[in-house]
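Note that these values count all heavy atoms, side chains included, but never hydrogens, waters or copies made by symmetry. Proteins get letters first, then strands, A, B, ... in listed order; numbering begins at 1 in each.
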Number of protein chains: 2
Amino acid sequence: MTDSHEKQNVGEDIVTPWEVESASEKGVDYDKLINNFGSKRIDEALLERIAKVTKKPVHHMLRRGIFFSHRDLETILDLHEKKQPFFLYTGRGPSSEAMHMGHLIPFIFTKWLQDTFDVPLVIQMTDDEKFLWKDMTIDEANRLAHENAKDIIACGFDMDKTFIFSDVEYISQSAEFYKNICRIQKLVTFNQAKGIFGFTDSDSIGKISFPAIQAAPSFSSSFPQIFGDKTNIPCLIPCAIDQDPYFRMTRDAAPRLNYIKPALIHSTFFPALQGAQSKMSASDPTSSIFLTDSDDEIKTKINKYAYSGGGATEEEHRAKGGNCEVDVSYQYLTFFLEDDQRLKELEKGYTEGTILTGELKRELTKVLQKIVGDHRTRRAAVTDEVVNQYMMSRKLKFDY
Amino acid sequence: MTDSHEKQNVGEDIVTPWEVESASEKGVDYDKLINNFGSKRIDEALLERIAKVTKKPVHHMLRRGIFFSHRDLETILDLHEKKQPFFLYTGRGPSSEAMHMGHLIPFIFTKWLQDTFDVPLVIQMTDDEKFLWKDMTIDEANRLAHENAKDIIACGFDMDKTFIFSDVEYISQSAEFYKNICRIQKLVTFNQAKGIFGFTDSDSIGKISFPAIQAAPSFSSSFPQIFGDKTNIPCLIPCAIDQDPYFRMTRDAAPRLNYIKPALIHSTFFPALQGAQSKMSASDPTSSIFLTDSDDEIKTKINKYAYSGGGATEEEHRAKGGNCEVDVSYQYLTFFLEDDQRLKELEKGYTEGTILTGELKRELTKVLQKIVGDHRTRRAAVTDEVVNQYMMSRKLKFDY
């Protein structure tokens, strides 16, 4: 059986790279999604194995089930134990100037992976994709790729081991990347692309062929300048699970090209301030906390918009308790409050009704003001020159 | 009305970029084809205009109706009269090492156009296309692009004004070329590509998106290194008429990109030795005269395989005469014997039965031995170094 041909709609949830919609206020049913996509749940045994192999505690996004699903992660751990190389690949579609906290999640986690495993990382900025999908010029999409790169760099990636590239720029620099794109495009029929991505006959031929461009960086031969004479280095891709269709397609293609299937580690979705059923949108500033928000804006947005799982009145809340599963402030804290002890207290108190929504909101405000503030400082130090250094095609430090 | 959405099958003829098949021994019905494609016949008045504008006799392939159809050729002549610039664009799919006489026709004619109008020329080697369509590695297709470039260079193009490029190489050198490819891919739906090229759902996404790659060199902004700060220079494309679907698509896209529609000049098809109903195939050495054939091979092939329009016996031939319309030796002479007077004599004598098939074959043998022999000598002088010079992305001489 191949990975690719499952349906994309899980119950009433819709999960594609371009659309995530849940019918439930708890958000997407991830058990159904795993079952449907054919990936594996990251269970306790695997978490213990990660801790053992890396000789350090697992990241809070792992232990809290935010990165919850995977493909072939065991293989990557096996390699690392044997001191054999792999590389990380993640990416971003630069659709807008302003990035929000949700966009930061894969990068925060990827930074942890890079630090923990000490491996090279390639980050794809799909400016061509955003041009194809949005009402935007290709030069504007390329400009946004550079702007967003600043936020990514501000996450602290090791410059010696990180290559950030725009598709438009790197395709026009690397014959090997373009050759891999062609190789993948030769293997995938329109029928298959339709089955995996839901394309229709009215979609542009650009959209239809794009998935090969997101697939190609999974193969180390797309980066001869990085890996030198090392060929076919395995790849681990951290991403939100809506990106999985691209890599199911990639994993189908890999053995036909004598390439290694990329391994994956998937995150859940970050909810909108208004709750898991709402959409976060870069064009709606009230739908999330943005990396450009001031301390006051963060406070106001959380107070005004963060969906509460508490009782209708203080009296009712103290009597019946609140619902952490749907409370956005609590959910956001699971992503960003690293202190397990404190999170536990908040959960217990809120559920029992001794802690009110206001206290959760104050806690979240403090946490996000700190993260966004630190990010603001680091981003201000990222000049165009620094961006150019990260985005220059070059050899990376790669010791094995 | 747009150019694109005509049917591809004319009566019982099939004409697509990948298949040309005629139901008649006279070959494709070109009047029907012009009508169907929506191009224009090159008439006497236009030939006179060309002679007047260029101040020299028109090429024999024009006056004999081998280049017989066009789009917007008048516009190009208007420009030239006003001393305004245009450029030439043609190409080749490098599917095999050996090129035959049919492959030479667009290049012989394009050389005449370059000499006559003194304009820059870009020649696309679609190695990516051949990889996508054939059972061939991409590196082999790229190698063949360089091999075939030697034959093209041997046609005598002015190095100062000619850029030959492989798609695989040039896409990975020029962001502007790739951006134009993306821009075109964004405008063309699968439905439209299906209508123009006959793609099906079982075709690879590489094939489906390829037409944009053949379209993009029609726009001068794909070559900033050639045209410098001159933008939107008009383009004239000499090609066999089976390539017209690509450029109908291109002409539909052009105004939506604020680009100038490319003009076209179309040739008829060069028949196989066995007649207009047979297919010429690079894998069947008996189907045509190849540029690598020795004098003896040329003689033997013509004697053995060239389809005769003569009578069944000498007696019958002398009584009823031969049929030049289906006689391959005569047809080949129309392409390659420049002497109008001699061609007229041969036609008259053959039609009346005073000239036998043997004499036509001897004449053709002489003509082709000379052309192939001269080509052989010139090609032997084309080193890899010379190929690299033609294929280096660079400024061309472009005086206006």
B/Val188 vs B/Met249, side-chain contact (heavy atoms from CB on, under 4.5 Å): CA-CA, chis, key distance, verdict: CA-CA 8 Å; B/Val188 179; B/Met249 186 195 86; 4.0 Å; yes
Toward chain B, the part of A/Ala175 with a non-hydrogen atom under 4.5 Å: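 Both backbone and side chain.
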Cation-pi check, A/Lys161 onto A/Phe398 ring (under 6.0 Å, within 45° of axis):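 Negative - A/Lys161 is either too far from the ring of A/Phe398 or too far off its axis.
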Criterion ring-ring contact (aromatic ring centres under 6.0 Å, His included) against B/Phe177, the qualifying member of B/Phe219, B/Phe163, B/Phe165: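 Running ring-ring contact (aromatic ring centres under 6.0 Å, His included) over B/Phe219, B/Phe163, B/Phe165 with B/Phe177 returns exactly one hit, B/Phe165.
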Chain B interface, residue from A/Glu169, A/Arg183, A/Lys207 that has the most non-hydrogen pairs under 4.5 Å: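 Going by pairs under 4.5 Å, I would pick A/Arg183.
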Contact leader toward chain B among A/Ile138, A/Ile181, A/Asp203, A/Ile171, where contacts are heavy-atom pairs under 4.5 Å: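 Counting heavy-atom pairs under 4.5 Å, the top option is A/Ile171.
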Greatest number of heavy atom pairs closer than 4.5 Å to chain A - which of B/Gly206, B/Ala212, B/Pro211: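 Of the options given, most contacts go to B/Gly206.
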Among the listed options B/Asp139, B/Asp167, B/Thr200, the residue most often paired with chain A at heavy-atom distances under 4.5 Å: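 Result: the option with the highest number of such pairs is B/Asp139.
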Modelled atom types, side-chain donor and acceptor of B/Ser166 and B/Asn142, under 3.5 Å: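 Present: a donor and an acceptor within the cut-off.
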Distance-only side-chain donor-acceptor flag, B/Tyr178 / A/Asp128, under 3.5 Å: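 There is such a pair between these side chains.
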Toward chain A, the part of B/Ser202 with a non-hydrogen atom under 4.5 Å: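 Looking at B/Ser202, backbone and side chain both touch chain A.
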